[in-house]
Amino acid sequence: MINLENYSRIVQELKSYQAKLVAVSKTKPIEDIVELQEKGQTIFGENYVQELFDKSKLLNNIDWHFIGHLQSNKVKTILPVVKLIHGIDSIKLLLEIEKQAVKLDVEINCLLQIHISSEETKFGLSYQEAKDYLKETDFQMLKKTKIKGFMGMASNTEDDNLIRSEFRGLRRLYEEYSHLGMDTLSMGMTSDYKIALEEGSNMIRIGSAIFGMRNYDEK
Ligand SMILES: *Cc1c(COP(=O)(O)O)cnc(C)c1O
């Protein structure tokens, strides 16, 4: 069951920040997506390649964002159906995307995922890895892949100050590189999107506040 009250409230809250909402529909049925689409939602986020691919075949007029951890061997499948890939967590993956995008002759927008949390389990490049890469000429030579900005997930904690400082660090990186044509800073989920917006996020990824608890756990 969709929580339309939450949805409307979040859409309203976003306006003053000029931020976009990615409705994270992973594990949720087509009917829920259609219902939200009818309310005007156009961007949907998914974590699993096959699930996104299958849903994309059944629905039109959606900007699909891939927000999960992408395996190199799945790049081919996802490229033709996705508008933005949030989770570029290694340069190897970025180069594989470029290779496949050239082959398929499609343009693809990406965000570099930065490991901003103090938790080991989350994916992402370190600040140093990202900076080193962005310094290389190599990055300017990507033909089909556009790095539009950064994505980060804060620590899963009650400590708002920690969350805030993690988001703030990513915002600083974003500002440092925005002259490279970047326009997207993807940070904030159900539990921490308000802090993320205050710290400069312009794209939040919301699942459970809109769609309710997920049918199966993070897999
Ligand atoms: C699942 C997921 C979300 C949404 O999480 P909620 O807490 O349900 O809002 C956001 N971002 C990523 C990367 C996710 O995997």
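We count ligands from 1, going down the list as the structure has it; atoms in each ligand are counted the same way. All residue numbers refer to positions in the sequence shown, counting from 1.
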Inset, instruction - Measure from the side-chain N and O atoms of D192 to the backbone N and O of M189, and report whether any donor-acceptor pair falls under 3.5 Å. - result: yes

Inset, instruction - Check M153 against ligand 1 and report side chain, backbone, both or neither, counting heavy atoms closer than 4.0 Å. - result: side chain

Legend entry - Heavy-atom nearest neighbour of atom 6 (P) of ligand 1 within options T190, I206, I67: T190

Legend entry - Identity of the nearest option to atom 2 (C) of ligand 1, non-hydrogen atoms only, from M189, K26, R205: K26

Inset, instruction - Compare all side-chain heavy atoms of Y127 with those of I116 and state whether any distance is below 4.5 angstrom. - result: yes

Legend entry - Residue portion contacting ligand 1 (non-hydrogen atoms closer than 4.0 Å) for N47: side chain

Legend entry - G207, any N or O under 3.5 Å of ligand 1 N or O: yes

Inset, instruction - For S186 and M151, indicate whether the former's side chain and the latter's backbone hold a donor-acceptor pair under 3.5 Å. - result: no

Legend entry - 4.0 Å heavy-atom contact, R214 with ligand 1: yes

Inset, instruction - Return yes when atom NZ of K144 has more than 12 non-hydrogen atoms of other residues, nucleotides or ligands closer than 6.0 Å, and no otherwise. - result: yes

Legend entry - Electrostatic pair R9:E13 at N-O distance under 4.0 angstrom: yes

